[in-house]
Amino acid sequence: MESSSGEELEEEFPGHEWITPQSSINAAYQSQTEKGIRKICSELLELKDAIENLSGNMQSKYLAFLRISEEVVEAEQELIELQKHVSAQGILVQDLMSGVCRELDVWFKSNKEEDVKEKDFQAELDEILSDDTQDPKAIFLDKLDALLAEHKMEEALLALEAEEKKYLVADESSKESNAELSAFKTALFKRKAILEDQLVRWSEQPSLPITELRKSLAGLVKIGKSSLAHQLLLKAYGSRLQKNVEAFLPSCSIYTETYAASLSQIVFSAIAKAAKDTNTLFGDSPMNMNRIIQWAEYEIETFARLVKENSPLPESVSALRAACICIQTSLSHCSFLESYGLKFSKLLMVLLRPYIEEVLELNFRRVRRKIVDAARNDDILLLTPQEGSPLSGAVAPNIMLTSSGKKFISVVNDILDQVTPMTIVHFGGAILNKFLQLFDRYVETLIKVLPGPSEDDTLLESKEPVEFKAESDAQQLTLIGAAYTIADELLPAAVSKFFDMQTEKKGAGGSSEGLGSGSIYSIEHKEWKRHLQHSLDKLRDHFCRQYVLSFIYLEGKSRLDARMYMERKTDDLLFDADPLPSLPFQALFGRLQQLASVAGDVLLGKDKIQKVLLSRLTETVVMWLSNEQEFWDVFEDRSVQLQPSGLHLFSICTSSLRLLSVGVFHTDQFSSLCQQS
């Protein structure tokens, strides 16, 4: 309303030049007021920032002031303490000067003579301090004290040694009184004790070089402390050995096969160095030898414990390799130590034997499981050794194996590859016996694979499933041929180095004394071969027994019935110009001929095995007849009389069996007989 009324007034009363319009006045004052307010706001903001900066600077300066105040207080305290210390030192120096002056006055008054002219104090002091007026022993003791105070042990030792020699010469002249000699001897003894303490402390320094250690110990020997010096020597080598072992132990898990050999090198090299230094510094007295033997035995016991604690899994090949290398290297080191008169071979074997035997046992258990699994799942594929395979070096080109037989020889060679010569000497007999057990278990598994019940059903429990059964004659003969090939050729060739080493050791005059019950001397080659043959006999007998019984018994009834000979008529013999065996025996001979034909193909070139099987098969028939009481009860029945033709026929059958069992028939004769049948 006001603005509208103003405008109306301006329209009604037009302005003059000297009159300012109200609108101009309002616009001017309004713009000046807004600018002023904005300027005031900016100044206030600047003032606020300045106040904040000022407060921050004041706070930091205040903290710096407090810190400087504390430092000033601490400096004042230090100055006070320093002032006290200076005052105490000044008092001490003043007391010392007073005491010296007092002692000089007393000495001057007590030694002053009436007939001596008064001398100048400086001249008299020079005379007192002159070396010519002092006792040579006192001069030597002062010099020795100075050397000991400066820890110049070598110079002190030389001076002491020279003075003792001079003392011995002077003692022979006996010009000095006993009191003076006794006092001088006591003084030398005290200083020798100080020198001994310094040498001991110097020798016990962990970082002391070995050359400095030898010098220090030689000094102890010179002052008559040989026993203490030897103890310090063994202690120093023991601490160095412990540090080296502790530094090596983290790498045992990396070098699983050679860690034991490296530990052996560390331990036995330290023992050898200690023995060498003992002989050089102290000689080979019995006391020193006993001391180093006790120390070395402790270190060897620690070594054996570390080998066991850091071993990989005992059933692994790495553990077996590590154990064999450990025996080889450790015994070699023991042989070297014998040149110093130290014999630790027996102790080492006593400590390591349980561990080695455990590793051998667990490794053979592992390979036994492999062999049993391979035999139970044998695919009867005939395998010839490939070039570069473990079998190629020891197997003739015409030898053929099943997959389980190849697996057996493969694991045997894996074991033999880890064995070292020293392992053969000390554990060769045990290893050979375990090979016998391994082959026996392999045979037991083959018996389970063959048809028919085994002679001892406890050999393999029923909980061990057999996925493969050798049903055909070819499969059974293949398994038997593989077992014979392993026992007669492959396994003896693989372990031949054992018996070669045994022969070499015996020829060189070696004995089994101290080697233990499992050494290479504990088993003979013939006895070992006999055990192999015994295992083969079990396999052969089982095959022949089940083969004969499967023929004789048909649906639970025996084919070989004695009544067929009782019922034969007397005149039947007249119609048979060339009588043949009875029908069951003719069938048996035909079955044997069929088996012989298969054997000729499967066991090509193995005539010995073929003859052994044929002979044992006929022996089994004869043994069955001899032990079958029901068969012979028919002949003992007097109600039925045995006719001559029946007796003649039965004698033909039994004679043929006996001839076959003893191998009298040749192959062509046997074939002719079977063809006639």
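Numbering starts at 1 and runs along the sequence shown. Just so you know, these numbers use all the heavy atoms, side chains as well, and skip hydrogens, waters and symmetry mates.
Remark: the backbone N or O of D414 is paired with a side-chain donor or acceptor of Q418 at under 3.5 angstrom. Side-chain atoms of N310 never come within 3.5 Å of backbone atoms of S253 as a donor-acceptor pair (strictly under, hydrogens ignored). Judged by distance alone, the side chain of S203 and the main-chain N or O of L199 form a donor-acceptor pair under 3.5 Å. Between the side chain of S251 and the backbone N or O of I254 there is no donor-acceptor pair closer than 3.5 Å. Looking only at distances, a side-chain donor or acceptor of S239 sits under 3.5 Å from a matching main-chain atom of A236. Of the possible donor and acceptor atoms, none in the side chain of E204 sits under 3.5 Å from a partner among the backbone N and O of K235.
For the pair E196 and K192, the minimum side-chain heavy-atom distance is 4.5 Å or more. The shortest distance between side-chain heavy atoms of L331 and V425 does not fall below 4.5 Å. Within the 4.5 Å cutoff, side-chain heavy atoms of M349 are placed close to those of I327. Annotation: side chain of K370 is not in contact with side chain of S410 (no heavy-atom distance under 4.5 Å). Annotation: side chain of V367 is not in contact with side chain of V412 (no heavy-atom distance under 4.5 Å). Between R365 and R368 the shortest side-chain heavy-atom distance falls below 4.5 Å. Inter-residue side-chain proximity for R366 and N363 is flagged as met; some heavy-atom pair is nearer than 4.5 Å. Side-chain atoms of I51 and L47, non-hydrogen and from C-beta on, do get closer than 4.5 Å to each other.
We find the CD-SG distance between Q328 and C324 to be 9.5 Å, quoted to the nearest 0.5 Å. A distance of 9.5 Å separates SG of C334 from CE of M422, quoted to the nearest 0.5 Å. In this structure, CG in L438 is found 12.5 Å from CD1 in I431, a value given to the nearest 0.5 Å. Atom CG in L352 sits 9.5 Å away from atom CD1 in I300 (nearest 0.5 Å). Rounding to the nearest 0.5 Å gives a distance of 11.0 Å between CZ of F427 and NZ of K434. Within the model, atoms CG of L362 and CG of L320 stand 10.5 Å from one another, a figure rounded to the nearest 0.5 Å.
The ring-ring contact (aromatic ring centres under 6.0 Å, His included) check on F435 picks up F364, with sequence neighbours excluded. K222 is linked by a salt bridge (charged side-chain N to carboxylate O under 4.0 Å, His left out) to nothing, counting only residues two or more places apart in sequence or in another chain. The side chain to side chain contact (heavy atoms under 4.5 Å, CB included) search around A275 returns I292, Y340, L342, not counting sequence neighbours. When the salt bridge (charged side-chain N to carboxylate O under 4.0 Å, His left out) test is applied to R201, the partners found at least two apart in sequence or on another chain are D197. For R240, there are no salt bridge (charged side-chain N to carboxylate O under 4.0 Å, His left out) partners two or more places apart in sequence or in a different chain. Qualifying side-chain hydrogen bond (donor to acceptor under 3.5 Å, both in side chains) partners for Q242, counting only residues two or more places apart in sequence or in other chains: E246.
Among pairs with a residue in residues 273-295, those fulfilling salt bridge (charged side-chain N to carboxylate O under 4.0 Å, His left out) read R214-D277, at least two apart in sequence or across chains. Counting only residues at least two apart or in different chains, ring pair (Phe, Tyr, Trp, His ring centres under 6.0 Å) contacts with residues 212-254 comprise H230-F282. Each side-chain hydrogen bond (donor to acceptor under 3.5 Å, both in side chains) pair with one or both residues in residues 258-271, not counting sequence neighbours, appears once here: S264-S330, Q265-H333. Within the structure, salt bridge (charged side-chain N to carboxylate O under 4.0 Å, His left out) contacts touching residues 49-58 (residues at least two apart or in different chains) do not occur. Under the salt bridge (charged side-chain N to carboxylate O under 4.0 Å, His left out) criterion, the residue pairs touching residues 298-322 are R305-E309, with sequence neighbours excluded. Within the structure, ring pair (Phe, Tyr, Trp, His ring centres under 6.0 Å) pairs that include any residue of residues 33-89 do not occur (at least two apart or interchain).
Remark: E43 CD is packed, more than 12 non-hydrogen atoms of other residues, nucleotides or ligands lying under 6.0 Å away. Within a 6.0 Å sphere centred on NZ of K225, heavy atoms belonging to other residues, nucleotides or ligands number 12 at most.
Between S345 and E338, the shortest heavy-atom contact is OG-OE2, 4.0 Å. Residues A260 and F303 share a closest heavy-atom pair of O-CE1, 3.9 Å. Minimum interatomic distance between K497 and L416 (heavy atoms only, all atoms of both residues): NZ-O, 3.4 Å. Between V267 and L241, the shortest heavy-atom distance links the atoms CA-CD1, 3.8 Å. Between A304 and L351, the shortest heavy-atom distance links the atoms CB-CB, 3.8 Å. Of all non-hydrogen atoms in L234 and A274, the two that sit nearest each other are CD2-CB, 4.3 Å.
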For side chain to side chain contact (heavy atoms under 4.5 Å, CB included), just list the numbers for F268 and T329, CA-CA rounded to whole Å, side-chain angles, deciding distance to a tenth of an Å, and then say yes or no.
CA-CA 10 Å; F268 284 97; T329 55; over 6 Å; no
As a quick check of understanding, evaluate side chain to side chain contact (heavy atoms under 4.5 Å, CB included) for I210 and L213, giving each step before the final call.
CA-CA 5 Å; I210 195 65; L213 176 64; 3.7 Å; yes
What's the verdict on side chain to side chain contact (heavy atoms under 4.5 Å, CB included) for L306 and T302, showing C-alpha distance, side-chain angles and the deciding distance?
CA-CA 6 Å; L306 291 175; T302 305; 4.2 Å; yes
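With N244 as reference, I266 is the one residue of L249, L263, I266 to meet the side-chain contact (heavy atoms from CB on, under 4.5 Å) rule.
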